[in-house]
Amino acid sequence: MNMLYDVIIVGAGPAGVACAYMCKKKGLSYLLVESGKSVFQGIINTYPEGKKVYASKPKEMAGGFLVDELRPPDKPVTVEMYVQYVQHFVQHENLSIITEAEFQDIETHRGFFQVLTSKGGFKGKKVVLSFGNSIPRELTVYGDAKMVAKTLDDPKKYIGLRTLVIGGGNTAADVVISILKIKRQHNDSQPVYWAHVSETFDVNKETAQRLGEEILLGGNIRLLPGATPRIGEVDDEGIDRLVIRINEFKESDGIELYHAMSFPMKNVIACIGSQGSATLLDKLQIQTISCTEGICKVAKEGDRLVLLNSDFETTRKGIYMIGGAVSPSYMKVADGAIAEEKHPNLIYTAINDAASVIETIFSKLQTT
């Protein structure tokens, strides 16, 4: 029979790792579930290479880091150095974690929850959702495009392959730069195609400079502005492919002419941004509230904010939600009133959320 944990934690970012560590300190049984290959996978995927990590703290929040062991150094370090420190910390503390387990759903049973993942179900008395707000968007194409990668895990995989990167921002540019560099180092003449639905690519000055330097060094890049992914299909040889429309011409008689390219999906990386957690929360039957004019000051009109009490507990009792998933704000229920609560998406906030929630869970489990 599967073990019944005190706490199941979904997402091994700053909030999730802090939860696991606090559970261990409190003597609670726990399991940390992560969809990526390691802890802090979300930060690894979204922070540009070499970006500095700061021990930032909101001015309006009193007190320091409640889990000092995970506090970033006062002197800013690169994201790679901070992630390496955290990974060593997780190993040293021997935190209980299962990786590459895609979170799917939560079932409610008498006395426990069943957290369903791609690696099976896990039972817990309480569940903490700490999966962040960077849930990758899906490509909306005819057919199926689930084989398309959302992030770059190993640039070497694309050596010798004609590669397509979709997306027009800094994240896509960082992926393009990494693949161009590794191809150049291995004398690979196969190009990297960079596609974006808009006619212009939107990257910051620093990223544009790094891209320009890579091109000057011989990086083989082909820009595809105004390109639209249209069809996910399986070809005659059984290979999953993505068809992307390059040019489109509409004739006066209604006939559409277009040029298109087809790439094996294993050669495609879609850096098209992230979506909020609203769709997932609907599936989990966790209540959200839509912002209307005059109600929200932080979130935008139409944004859907999760409804939490003062302990970060959702409307499904026993399920808590913390960290980046509830940023930039959430709807707080307190003293019979509902009001928007600002919630900065910072490492500080995520770690302190975790400490507070585990303290609450510990207290509740002691009285049951």
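In terms of modelled atom types and a separation under 3.5 Å, the side chain of Asn247 and the main chain of Leu257 share no donor-acceptor contact. Distance alone, capped at 3.5 Å, places no donor-acceptor pair between the Asp303 side chain and the Cys291 backbone. Checking side-chain atoms of Tyr320 against main-chain N and O of Asp311 turns up no donor-acceptor pair under 3.5 Å. Using modelled atom types, no side-chain atom of Ser130 and backbone atom of Ala15 make a donor-acceptor pair closer than 3.5 Å. Glu313 places a side-chain N or O within donor-acceptor distance of the main-chain N or O of Gly318, the cut-off being under 3.5 Å. For the pair Gln287 (side chain) and Thr315 (backbone), a donor-acceptor distance under 3.5 Å is absent. In this structure, the side chain of Lys183 engages the main chain of Tyr158 through a donor-acceptor pair within 3.5 Å. Between the Lys119 side chain and the Thr99 main chain, a donor and an acceptor come within less than 3.5 Å of each other. Listed for the Trp194 side chain is a donor-acceptor partner under 3.5 Å among the backbone atoms of Gly167. At least one donor-acceptor pair under 3.5 Å links the side chain of Asn267 to the backbone N or O of Arg162.
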Q: I would like to know whether Asp240 and Lys266 meet side-chain contact (heavy atoms from CB on, under 4.5 Å); could you show each step before the answer?
A: CA-CA 8 Å; Asp240 294 287; Lys266 66 178 183 178; over 6 Å; no
Q: Could you give me the CA-CA distance, side-chain angles and deciding distance for Glu359 and Leu66, then say whether side-chain contact (heavy atoms from CB on, under 4.5 Å) is met?
A: CA-CA 11 Å; Glu359 189 66 51; Leu66 297 180; over 6 Å; no
Q: Determine, stepwise, if the pair Met321 / Ile319 fulfils side-chain contact (heavy atoms from CB on, under 4.5 Å).
A: CA-CA 7 Å; Met321 192 168 177; Ile319 299 178; over 6 Å; no
(Q) Pair Gln87, Val39 - check side-chain contact (heavy atoms from CB on, under 4.5 Å), show working. (A) CA-CA 7 Å; Gln87 290 173 340; Val39 299; 3.7 Å; yes
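Counted within 6.0 Å of NZ on Lys342, heavy atoms from surrounding residues, nucleotides or ligands total 12 or fewer; the atom is thus considered open. Heavy atoms of other residues, nucleotides or ligands lying less than 6.0 angstrom from CG of Asp202 number 12 at most. More than 12 heavy-atom neighbours from other residues, nucleotides or ligands sit within 6.0 angstrom of CE on Met261. Around atom NZ of Lys364, more than 12 heavy atoms belonging to other residues, nucleotides or ligands sit under 6.0 Å away. Heavy-atom neighbours of His109 NE2 from other residues, nucleotides or ligands within 6.0 Å: above the threshold of 12. Atom NZ of Lys181 has 12 or fewer heavy atoms from other residues, nucleotides or ligands within 6.0 Å.
Using a 30° and 60° split on the angle between ring planes, Phe312 and Tyr330 fall in the tilted class, from 30° to 60°.
Note that CD of Glu107 and CZ of Phe112 are 8.5 Å apart. Values are rounded to the nearest 0.5 Å. Of the inter-residue distances, the one linking Ile159 atom CD1 with Gln190 atom CD reads 12.0 Å to the nearest 0.5 angstrom. Expressed to the nearest 0.5 Å, how far NZ of Lys51 lies from OG1 of Thr78 amounts to 12.5 Å. To the nearest 0.5 angstrom, Lys156 atom NZ is 6.5 Å from His186 atom NE2. Rounded to the nearest 0.5 Å, atoms CD1 (Ile98) and OG (Ser118) are 8.0 Å apart.
When all heavy atoms of Ser178 and Leu152 are compared, the closest pair comes out as CB-CD2, 3.6 Å. Heavy atoms only, all atoms of each residue included: Ala172 and Ile166 are closest at CB-O, 4.3 Å. A pairwise comparison of heavy atoms in Leu180 and Gly219 identifies CD2-C, 3.9 Å as the closest pair. Gly64 and Asn352 get closest at one heavy-atom pair: O-ND2, 3.2 Å. The shortest non-hydrogen separation linking Glu69 to Lys25 is OE2-NZ, 4.3 Å. Annotation for Leu305 and Cys296: closest pair CD1-SG, 4.0 Å, computed over non-hydrogen atoms.
Side-chain contact check for Val10 versus Ile106: every heavy-atom pair is 4.5 Å or farther apart. Inter-residue side-chain proximity for Tyr30 and Val128 is flagged as unmet; no heavy-atom pair is nearer than 4.5 Å. Side-chain contact check for Leu28 versus Phe362: some heavy-atom pair is nearer than 4.5 Å. Here the side chains of Glu80 and Val83 are not in contact, with every heavy-atom distance at 4.5 Å or above. Looking at Ile269 and Ile179, their side chains come closer than 4.5 Å, going by heavy atoms from C-beta outward. Counting heavy atoms from C-beta outward, Val33 and Phe103 have side chains that stay 4.5 Å or more apart. With a 4.5 Å cut-off on side-chain heavy atoms, Ile286 and Leu129 count as touching. Side-chain atoms of Val203 and Leu211, non-hydrogen and from C-beta on, never get closer than 4.5 Å to each other.
Residues Val333 and Met331 share a hydrophobic cluster, clusters being chains of Ile/Leu/Val/Met/Phe/Trp/Tyr side chains in contact below 4.5 Å. The hydrophobic cluster containing Val306 does not contain Val298, counting ILVMFWY residues as joined when their side-chain heavy atoms lie under 4.5 angstrom apart, directly or transitively. Hydrophobic clustering, with ILVMFWY side chains joined whenever heavy atoms are under 4.5 angstrom apart, groups Val268 together with Ile244. The hydrophobic clustering, which links ILVMFWY residues whose side-chain heavy atoms are closer than 4.5 Å, places Leu365 and Met22 together.
No side-chain donor from either of Glu341 and His343 sits under 3.5 Å from a side-chain acceptor of the other. Side chain to side chain, Tyr21 and Glu93 fail the donor-acceptor criterion of an N or O pair below 3.5 Å. In this structure, a donor-acceptor pair under 3.5 Å is present between the side chains of Ser29 and Asp6.
With sequence neighbours excluded, the residues satisfying side chain to side chain donor-acceptor pair (under 3.5 Å) with Ser329 are Glu340.
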